[in-house]
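In what follows, a single structure is set out as structure tokens and then discussed.
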Amino acid sequence: EMEVELSIEGEHVRLPRHVETSLFRIVQEAMTNIAKHAGATHVLVAVQINPVSIILSVKDNGRGFVPNQLWKGQPSGWGILG
């Protein structure tokens with residue numbers, strides 16, 4: 001079981017459809033990877049909306065990885081490179 005917390009800071013406005021879709025897909029992929037690989041019990045999805053930018057972060061308390069150890073030998077897919 002995984003608890004998900006959502007934090008939204010800034011003006012709550014509708015964003016252009018392509019921006020909303022992109023943000024949704026990024027969070028969707030992050031949540032899929034967390035569920036498949038991290039073994040996390042808590043996830044924080046934070047969105048900061050400013051007049052000139054949007055900052056999205058997804059943090060979890062699951063297992064991490066050492067980037068230098070990911071590419072020993074031939075990679076089996078694009079995974080983290082994407």
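Owing to the predicted nature of the structure, the values given are computational and were not obtained by experimental measurement. Values below: every heavy atom of this structure, side chains too, minus hydrogens, waters and symmetry copies.
Cluster annotation: V27 is connected to V19 through the hydrophobic network of ILVMFWY side chains, with a link wherever side-chain heavy atoms come within less than 4.5 Å. Residues V58 and V4 are members of one and the same hydrophobic cluster, defined by side-chain heavy-atom contacts under 4.5 angstrom among Ile, Leu, Val, Met, Phe, Trp and Tyr. Note on I55 and I26: separate hydrophobic clusters, where clusters join Ile, Leu, Val, Met, Phe, Trp and Tyr whose side-chain heavy atoms are under 4.5 Å apart, directly or indirectly. A continuous path of ILVMFWY side-chain contacts below 4.5 Å connects I49 to L6, so both sit in one hydrophobic cluster.
One distance of note links CD of Q28 with OG1 of T21; it measures 10.5 Å at 0.5 Å rounding. We find the OG-CD distance between S53 and Q48 to be 8.0 Å, quoted to the nearest 0.5 Å. The distance from atom NE2 of H37 to atom CG of D60, rounded to the nearest 0.5 Å, is 12.0 Å. To the nearest 0.5 Å, atom OG1 of residue T41 and atom CD of residue E1 are 10.0 Å apart. Here CD1 of I8 is found 11.0 Å from CD1 of I54. Values are rounded to the nearest 0.5 Å.
Under a cut-off of 6.0 angstrom, the local environment of CD in E11 is sparse, with at most 12 non-hydrogen atoms contributed by other residues, nucleotides or ligands.
The shortest non-hydrogen separation linking H42 to E5 is NE2-OE1, 3.2 Å.
No donor-acceptor pair under 3.5 Å is formed between the side chain of N50 and the backbone N or O of V52. Using a distance-only test at 3.5 Å, with no hydrogens or angles considered, a donor-acceptor pair links the side chain of E20 to the main chain of L15. A donor-acceptor pair under 3.5 Å is absent between the side-chain atoms of N61 and the main chain of A40, judged by distance alone.
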Using the rule given for side-chain contact (heavy atoms from CB on, under 4.5 Å), can you reason through V43 versus E3, listing the C-alpha separation, both sets of side-chain angles and the distance that settles it, and then say yes or no? CA-CA 6 Å; V43 179; E3 176 183 319; over 6 Å; no

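Using a 4.5 Å heavy-atom threshold, the side chains of S7 and V47 count as separate.
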